[in-house]
Amino acid sequence: MFDKEIEFSAHEDYFSLKEDYPIPTKLNIPEWYKKLEHTFLNKTVKGCMPFLDSLTAGYLLKMPQDLYLRHNVVNKNEKEEFKDSFQTYGLYEFANLISSKFLNLNSGIDIHITKQLEDSPLVEKNKNLPFYKISNPWKIKTPKGYSCLFVPPLNNSDDRFSIIPAIVDTDVFPNEINFPIVINGDKYPILETTIKKGTPYVQVIPFKRESWKMIFKSRKQKEIQNSRLFYGLKLFNIYKNKYWHKKLWK
C-alpha cells in the first residue's frame with residue numbers, strides 16, 4: 001500500500017537520543033479542530049476535506065532546541081532598549097558528543113543578511129533583522145524523481161515566526177537542510193519569547209517532479225449551469241463522498 005519511502009537520517013549519537021524525531025503531520029492536529037462538530041445543520045471547517053488534507057499532508061520537523069528571541073524590548077529599570085537577540089538554550093544535549101564538523105552546529109543558528117532579500121516584504125516583516133536559520137540535524141532522502149516542499153505547518157503554524165518556504169530536490173541533495181525564519185513583526189513589533197524545543201516548525205511534503213504546461217479552454221454556459229445545479233443541491237459532505245481521495249502518510 002505504501003509505494004514510496006521518505007528517509008530521515010541523523011548522526012548516530014543524535015539518533016540514539018530518540019528525541020524530537022519527525023512525525024507524520026496527522027499526529028499534530030490542533031485541539032480546536034478536534035473539538036469542532038460538523039453536522040448538516042451546523043457546518044464547520046471540520047467537514048472541509050481540503051482543509052483536513054492541509055492539516056495532515058506530509059511530515060513535521062520539530063525544533064531541536066530552545067530558541068530565545070528578543071527585539072525592541074525596553075529595560076524598565078534603565079529605560080534603555082535591549083539589543084536584538086537570538087540565542088539558543090539547552091544547546092543540543094548531544095553537543096558534547098558530536099563534533100560540529102558533522103552537523104554544522106557551532107551555535108545552532110546561522111543567518112542570511114537582509115541584503116540577500118533586499119526589497120522583499122519579508123525584510124519589513126522581520127523588523128529589518130537578519131534572517132536567522134535553524135540548524136536541522138535530519139538529512140532527508142526521497143526516491144529518485146521526488147522533491148520536498150518545505151512550508152510552515154499549514155493552518156497550524158506558530159504565530160510568532162515561520163520558515164521561509166522552499167523546495168529542495170531531496171533525492172540528490174546530500175546534506176541536512178537548514179531553515180531561515182521570519183519573525184511575525186506584523187503582530188509582534190515587540191517580542192521576547194522562547195520557541196521551545198519540540199515545537200513543530202516545518203511541514204515536509206514530498207512530491208514527484210514533473211513537467212507541466214498551461215492550456216486554456218472555454219466552457220459552455222450550459223456546462224457551468226449543470227455543474228452549479230448539481231453542487232447547489234447542497235448534498236451533505238458531497239466533496240468528501242464524491243470527489244475526495246484519502247491520502248496515506250505514515
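Treat the numbers as computed from the prediction; the structure is a model and nothing was measured. Computed from heavy atoms alone, side chains included, the values below leave out hydrogens, waters and symmetry copies.
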Between the CG atom in Asn126 and the CZ atom in Phe161, the distance rounded to the nearest 0.5 Å is 12.0 Å
Is the shortest side-chain heavy-atom distance between Tyr21 and Lys62 below 4.5 Å? no
Nearest 0.5 angstrom please: Lys34 NZ to Glu31 CD, how far? 4.5 Å
Could you list the residues that satisfy side chain to side chain donor-acceptor pair (under 3.5 Å) with Asp169, not counting sequence neighbours? Ser147
Is the count of non-hydrogen atoms from other residues, nucleotides or ligands lying under 6.0 Å from Glu223 atom CD greater than 12? yes
Any donor-acceptor N or O pair under 3.5 Å, side chains Tyr14, Glu19: no
Excluding sequence neighbours, so at least two apart, what forms side chain to side chain donor-acceptor pair (under 3.5 Å) with Trp244? Asp53
Contacts of Tyr146 that satisfy ring-ring contact (aromatic ring centres under 6.0 Å, His included) - sequence neighbours left out: none
Under 3.5 Å, is there a donor-acceptor pair linking the side chains of Lys125 and Asn184? yes
Is any side-chain heavy atom of Ser135 closer than 4.5 Å to a side-chain heavy atom of Pro64? no
Shared hydrophobic cluster, Ile6 / Val172 (ILVMFWY, side-chain heavy atoms < 4.5 Å): no
If only atom types and distance count, is the side chain of Thr44 paired as donor or acceptor with the main-chain N or O of Leu36 below 3.5 Å? no
Return the set of residues passing ring-ring contact (aromatic ring centres under 6.0 Å, His included) with Phe150 (not counting sequence neighbours), or none when no residue passes. Phe179
About how many Å separate CD1 of Ile195 and CD of Gln65, when rounded to the nearest 0.5 Å? 11.0 Å
Just verifying a value: how many Å separate Lys127 NZ and Thr114 OG1, rounded to the nearest 0.5 Å? 14.0 Å
Trace of the side chain to side chain contact (heavy atoms under 4.5 Å, CB included) decision for Phe207 with Ile167: CA-CA 10 Å; Phe207 66 94; Ile167 290 174; 3.8 Å; yes
Partners meeting salt bridge (charged side-chain N to carboxylate O under 4.0 Å, His left out) with Lys115 (sequence neighbours left out): Glu118
4.5 Å side-chain heavy-atom contact, Val204 and Cys148: yes
In short, Lys196 meets Met63 closest at the heavy-atom pair O-CB, 3.6 Å
Heavy-atom closest pair (Pro22 atom, Trp138 atom, distance to 0.1 Å) is CD-CE2, 3.5 Å
Linking directly or through intermediates, with side-chain heavy atoms under 4.5 Å: list the remaining ILVMFWY members grouped with Phe131, chain and number order. Leu117, Leu122, Val123, Ile164, Val182
Is Glu124 reaching over with its side chain to a backbone N or O of Pro121, donor-acceptor style, under 3.5 angstrom? no
Is any side-chain heavy atom of Leu191 closer than 4.5 Å to one of Ile183? yes
If you link ILVMFWY side chains whenever their heavy atoms are less than 4.5 Å apart, which other residues fall into the same cluster as Phe216? By chain and number, please. Met214
Value rounded to 0.5 Å, distance of CD1 in Ile224 from CZ in Arg219: 4.5 Å
Side chain to side chain, Thr56 and Ile29, heavy atoms closer than 4.5 Å: yes
Who clusters with Ile23? Use side-chain heavy atoms, under 4.5 angstrom, across I, L, V, M, F, W and Y, and order the result by chain and number. Leu27, Leu60
Sorted by chain and residue number, the side chain to side chain donor-acceptor pair (under 3.5 Å) partners of Ser9 (sequence neighbours excluded) come out as none
Residues two or more places apart in sequence or in another chain: which of them pass side chain to side chain donor-acceptor pair (under 3.5 Å) with Thr170? Thr142
With a 4.5 Å limit on heavy-atom distance, are the side chains of Leu67 and Thr199 in contact? no
Tell me every residue that passes salt bridge (charged side-chain N to carboxylate O under 4.0 Å, His left out) with Lys46, counting only those two or more places apart in sequence or in another chain. none
Report yes or no: does Lys43 contribute a side-chain atom to a donor-acceptor pair with the main-chain N or O of Leu41 at less than 3.5 Å? no
Please lay out, stage by stage, how Phe15 and Phe8 fare under the test side chain to side chain contact (heavy atoms under 4.5 Å, CB included). CA-CA 10 Å; Phe15 186 85; Phe8 296 89; over 6 Å; no
Test item: Tyr201 and Asn136 side chains (from C-beta on) under 4.5 Å apart, heavy atoms: yes
Return the minimal non-hydrogen interatomic distance between Pro174 and Lys139, and the atom names on each side. O-CE, 2.9 Å
Side-chain touch Pro30/Leu55, heavy atoms, less than 4.5 angstrom: yes
Where at least one partner belongs to residues 149-162, residue pairs that pass side chain to side chain donor-acceptor pair (under 3.5 Å), sequence neighbours excluded: Ser54-Asn155, Asp158-Arg160, Asp159-Lys187, Asp159-Tyr188, Arg160-Thr193
Using atom types as modelled and distance alone, determine if a side-chain donor or acceptor of Gln203 lies under 3.5 Å from a backbone N or O of Ala57. yes
What verdict does the side chain to side chain contact (heavy atoms under 4.5 Å, CB included) test give for Met49 and Tyr243, after you've listed the backbone C-alpha separation in whole Å, the side-chain angles of each residue and the deciding distance to 0.1 Å? CA-CA 10 Å; Met49 305 316 292; Tyr243 305 107; over 6 Å; no
Output for pair (Glu7 CD, Ile140 CD1), nearest 0.5 Å, gives 10.5 Å
Thinking salt bridges, do Asp66 and Lys197 make one under a 4.0 Å N-O criterion? no
Stepwise side chain to side chain contact (heavy atoms under 4.5 Å, CB included) test for Arg209 and Asp171: CA-CA 11 Å; Arg209 290 194 301 275; Asp171 56 340; 2.8 Å; yes
